[in-house]
S.K.: 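Okay, here's the structure, questions in a sec.
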2 protein chains.
Amino acid sequence: MAALQKSIDKRNALINATIELVNNDGFHATPMSKIAKMACVSPATIYLYFENKQDLVNKTYIEVKANYTAYAFATYDETMPVEKGFKVIWKRIAEFKLKESADAMFLAQCDNTPMIDEASRQEGIKHLQPLLDLWARGKKEGVIKPVSDYMLYAYSINPLSFLMITQNRGSVKLDKEHLDQAYEAAWSSIKTCK
Amino acid sequence: MAALQKSIDKRNALINATIELVNNDGFHATPMSKIAKMACVSPATIYLYFENKQDLVNKTYIEVKANYTAYAFATYDETMPVEKGFKVIWKRIAEFKLKESADAMFLAQCDNTPMIDEASRQEGIKHLQPLLDLWARGKKEGVIKPVSDYMLYAYSINPLSFLMITQNRGSVKLDKEHLDQAYEAAWSSIKTCK
DNA sequence: TTACAGAAAATGAACGTTCATTCTTTTTTA
DNA sequence: TAAAAAAGAATGAACGTTCATTTTCTGTAA
């Protein structure tokens with residue numbers, strides 16, 4: 001009840017400020033005072049919503065990761081054939097990285113640094129389960145290569161990072177045809193050759 | 001003359017300590033005092049070799065990146081046909097990420113965070129030029145897809161990050177066959193379909 | 001070869017600043 | 001009006017960097 005009275009807007013403002021500042025300066029170069037200022041809040045107020053700085057970044061990570069995966073799986077359901085399922089998930093992930101590039105950058109930073117607790121990292125991985133399940137099904141059906149999930153992810157999903165880069169530079173315009181081509185490359189990396 | 005007397009061993013020890021500590025804790029969570037201790041040197045001594053902490057990490061980045069690309073291009077020469085050239089480079093990069101996984105982790109962290117100066121980042125990219133030249137040649141010959149270098153890199157080289165991961169977990173043994181398969185996936189992502 | 005003087009290199013302690021967090025007080029809410 | 005929420009100032013620890021001093025090195029004269 002007490003907690004419920006605390007404004008959800010303020011919490012969101014803190015999460016968003018964290019994402020933006022950490023993207024620009026990195027976690028340890030982002031002081032609590034700056035986060036507070038950007039969220040229009042006193043530094044002390046942060047501690048009403050989060051235990052400490054580490055907790056703030058852990059929670060931010062989990063929240064962004066949850067948004068990411070919710071977006072990724074929004075148009076997918078488990079009755080789809082493997083190839084179709086992979087396609088809709090891949091397309092949604094591409095869309096997310098294009099539209100929510102700040103969120104995507106934040107996740108990339110979290111995934112490549114010791115910034116996040118191991119526990120939160122594990123928690124974040126859980127949200128990807130539907131994709132891992134799809135791959136397991138694909139392997140059983142002989143449609144997907146029998147290699148580790150790390151490798152499948154590295155070859156089909158990680159490459160989408162280029163969407164954030166080109167997004168930020170604005171150098172290359174990305175039309176539907178290019179994206180379709182990228183999808184074909186991703187799919188042919190993980191499907192079994194016939 | 002003065003500078004030459006300063007021990008190159010000490011400089012190396014500082015660079016190596018930086019890599020190891022930054023890999024474990026992140027740049028801003030790694031105090032100069034800890035780097036000094038690991039290199040068996042006084043904190044003040046660091047400032048005889050580097051201007052400041054930022055300079056230390058910039059120089060470390062450039063040095064590691066130079067090692068990486070030197071390794072990558074060691075067996076390549078420009079007279080090779082495009083496909084062959086790409087193959088030898090790709091294989092060397094895979095080897096590097098397996099054998100020098102600490103260096104590879106460090107580079108991944110630098111490439112995904114605001115830890116490095118923009119100038120040093122640019123400097124690091126320069127070392128990749130032979131690969132970009134190879135791709136340019138490949139595009140001209142119609143062997144390589146006419147897409148941005150970012151995209152080629154994202155689809156053929158970035159996925160090798162899974163080597164560091166599986167390396168660290170030790171969960172999946174990686175035999176020659178798997179690696180060859182990974183190479184085929186990389187190549188077919190960037191070659192033009194016939 | 002030894003002794004030694006001057007310079008370079010290295011050191012540990014100290015300084016000033018920054019930052020996460022807490023404390024006390026004020027404001028808002030119900 | 002009492003309890004919750006928020007605020008700003010205060011606190012203490014940690015850090016990057018510098019300073020004053022000591023140690024090590026190098027070349028030369030006995």
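This structure is a prediction, so every number in the text was calculated from the model and none was measured. In what follows, every chain begins at residue 1, and chains take the letters A, B, ... in the order their sequences are listed.
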S.K.: Between Tyr49(A) (OH) and dA4(D) (P), how many Å, whole number?
M.R.: 15 Å
S.K.: Between dA5(D) atom C1' and Ile46(A) atom CD1, what is the distance in whole Å?
M.R.: 15 Å
S.K.: Measure the distance from CG on Leu48(B) to P on dA7(C) and round it to the nearest whole Å.
M.R.: 18 Å
S.K.: Could you pull out all residues at least two apart from Ala29(B) that satisfy side-chain contact (heavy atoms from CB on, under 4.5 Å)?
M.R.: His28(A), Asp25(B)
S.K.: What does the list of N/O pairs under 3.5 Å between the protein and nucleotides 14-18 of chain D look like, with a distance for each?
M.R.:
unit_1: dG16(D); atom_1: OP1; unit_2: Lys53(B); atom_2: NZ; d: 2.7
unit_1: dG16(D); atom_1: OP2; unit_2: Met32(B); atom_2: N; d: 2.6
unit_1: dT17(D); atom_1: OP2; unit_2: Tyr47(B); atom_2: OH; d: 2.6
unit_1: dT17(D); atom_1: OP2; unit_2: Lys53(B); atom_2: N; d: 2.9
unit_1: dT17(D); atom_1: O5'; unit_2: Tyr47(B); atom_2: OH; d: 3.2

S.K.: So, using side-chain contact (heavy atoms from CB on, under 4.5 Å) as the criterion, who are the partners of Lys126(B) when residues are at least two apart?
M.R.: Glu123(B)
S.K.: Who pairs with Gln181(B) by side chain to side chain donor-acceptor pair (under 3.5 Å), at least two apart in sequence or on another chain?
M.R.: none
S.K.: Hey, what's the ring geometry for Trp187(B) with Phe86(B), parallel, tilted or perpendicular (30° and 60° as the breaks)?
M.R.: tilted
S.K.: What is the separation between atom CD1 on Ile8(B) and atom P on dA9(C), rounded to the nearest whole Å?
M.R.: 13 Å
S.K.: Between Ser42(A) and dA6(D), is there a contact of a side-chain N or O with OP1 or OP2 at under 4.0 Å?
M.R.: no
S.K.: Rounding to a whole Å, what distance do you find between Lys37(A):NZ and dA20(C):C1'?
M.R.: 15 Å
S.K.: Donor-acceptor pairs under 3.5 Å, side chain of residues 104-116 of chain B to any protein atom, not counting sequence neighbours: which ones?
M.R.:
unit_1: Gln109(B); atom_1: NE2; unit_2: Val22(B); atom_2: O; d: 3.3
unit_1: Asp111(B); atom_1: OD1; unit_2: Tyr61(B); atom_2: OH; d: 3.1
unit_1: Asn112(B); atom_1: ND2; unit_2: Ala108(B); atom_2: O; d: 2.7
unit_1: Thr113(B); atom_1: OG1; unit_2: Gln109(B); atom_2: O; d: 2.9
unit_1: Thr113(B); atom_1: OG1; unit_2: Met115(B); atom_2: N; d: 3.3

S.K.: Can you list the residues that meet the side-chain contact (heavy atoms from CB on, under 4.5 Å) rule with Gln54(B), with sequence neighbours excluded?
M.R.: Phe27(B), Asn52(B), Val57(B), Asn58(B), Asp117(B)
S.K.: Could I get the full list of ring pair (Phe, Tyr, Trp, His ring centres under 6.0 Å) partners for Tyr68(B), not counting sequence neighbours?
M.R.: Phe96(B)
S.K.: Test of understanding: with side chain to side chain donor-acceptor pair (under 3.5 Å), list the residues that count as partners of Lys145(B), not counting sequence neighbours.
M.R.: none
S.K.: Where along residues 9-17 of chain B does a heavy atom come under 4.0 Å from DNA chain C, residue by residue in number order?
M.R.: Lys10(B)
